[in-house]
Amino acid sequence: FRPFKSSDHFTSTFNCSYDPAAMAAKWDQTVKYVTGGDPDVVRYFKQVFGYLLSTRTMRGIFFFVGPKSTGKTTLITALAEIMGEKYAGTAQLGLIHHTRGYNEDEDMARTNVALVGKRWVFMDETRKDAIVDPAKMKRLASRDTVLTARHLRNDAFSFVNKSKIVVMTNNQPQLDV
């Protein structure tokens, strides 16, 4: 990270100023609490959060699974606030859940709209009985997949997903294999 320069021709900036000397004692304390103080997990969290804040467009899906009231949502909400709504957003769990009984293509097109133009998207809390669809996850994480999206009462359009996806949950999702 470095200070903003108008010569970079960015169309948006984060909701904070860059200060290389800034200390984040409360942030460090929260990360330590959420990770149980394990130094390897703390280091991994910091790497993941640095990646989420970066401009790298290599997609990925990150699952933060743990007991309720451990601060998962607090950390993600803080990052979302820093990034602002231009870069960060939320999505419905249908983006990754296995679903049956309705027009899946149409539903996915509406759900995919949350990804358009975002650097990262987060989803909160999978159901206890949730089954994650590996084909959907692969499609979202692939570098080459063109997705279809559709705003309500508008025509469908195609785009390449450039966002990273974060799922925060108390329940370990099951994989449909």
Side-chain angles (χ1 to χ4, degrees), residues 1 10-16 27 30-31 34 44-66 68 70-99 102-128 130-176:
F1 294 109
F10 291 133
T11 57
S12 292
T13 59
F14 286 169
N15 288 337
C16 63
W27 173 261
T30 304
V31 170
V34 170
Y44 178 72
F45 257 59
K46 288 181 177 183
Q47 288 174 339
V48 169
F49 290 144
Y51 169 64
L52 292 174
L53 290 169
S54 76
T55 58
R56 297 201 51 179
T57 57
M58 179 181 78
R59 268 101 33 229
I61 301 175
F62 298 91
F63 285 84
F64 292 96
V65 181
K68 63 181 172 177
T70 55
K72 297 180 300 293
T73 302
T74 301
L75 290 176
I76 296 299
T77 302
L79 287 178
E81 186 64 31
I82 289 167
M83 293 185 84
E85 62 185 39
K86 174 84 174 170
Y87 287 124
T90 60
Q92 298 174 2
L93 289 166
L95 206 57
I96 60 166
H97 277 181
H98 184 69
T99 51
Y102 59 93
N103 185 341
E104 186 169 329
D105 290 337
E106 180 65 23
D107 187 63
M108 283 305 294
R110 284 194 305 269
T111 304
N112 286 343
V113 165
L115 302 172
V116 176
K118 300 297 183 194
R119 189 169 294 168
W120 66 280
V121 173
F122 65 97
M123 293 176 263
D124 197 13
E125 203 50 58
T126 58
R127 297 183 317 268
K128 252 186 179 170
I131 298 174
V132 175
D133 186 332
K136 285 183 179 180
M137 289 191 353
K138 184 176 180 180
R139 198 168 35 237
L140 291 171
S142 172
R143 293 176 156 215
D144 303 321
T145 304
V146 175
L147 299 173
T148 301
R150 186 178 75 80
H151 291 283
L152 193 60
R153 294 188 271 289
N154 285 308
D155 293 333
F157 60 94
S158 298
F159 72 103
V160 175
N161 179 29
K162 296 193 186 243
S163 62
K164 301 148 224 171
I165 298 170
V166 176
V167 181
M168 303 165 300
T169 182
N170 302 332
N171 306 298
Q172 179 74 38
Q174 300 172 42
L175 195 59
D176 182 17

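Being a predicted model, the structure only gives us computed values, none of them experimental. Index from 1, following the sequence.
A side-chain contact (heavy atoms from CB on, under 4.5 Å) with L75 is found for exactly one of T70, T30, V166, namely T30.
Between V48 and F62, some side-chain heavy-atom pair lies under the 4.5 Å cut-off. Between W120 and I165 the shortest side-chain heavy-atom distance does not fall below 4.5 Å. Side-chain contact between F49 and L79: present, with at least one pair of heavy atoms (C-beta onward) separated by less than 4.5 Å.
Between atom CZ of residue F122 and atom OG1 of residue T77 there is a gap of 5.0 Å, rounded to the nearest 0.5 Å. Separating the CG atom in L52 from the CD atom in Q47 is a distance of 12.0 Å, to the nearest 0.5 Å. Atoms CG and NZ, on N171 and K68 in that order, are 10.0 Å from each other to the nearest 0.5 Å.
Judged as a side-chain hydrogen bond (donor to acceptor under 3.5 Å, both in side chains), and not counting sequence neighbours, the contacts of N170 are K72, E125.
Here the closest heavy-atom approach between residue M168 and residue I76 is recorded as SD-CG1, 3.1 Å.
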### Message
Checking F64 against V167 for the side-chain contact (heavy atoms from CB on, under 4.5 Å) test, could you report, in this order, the C-alpha distance in whole Å, the side-chain angles of both residues, the deciding distance, and whether it holds?
### Response
CA-CA 6 Å; F64 292 96; V167 181; over 6 Å; no
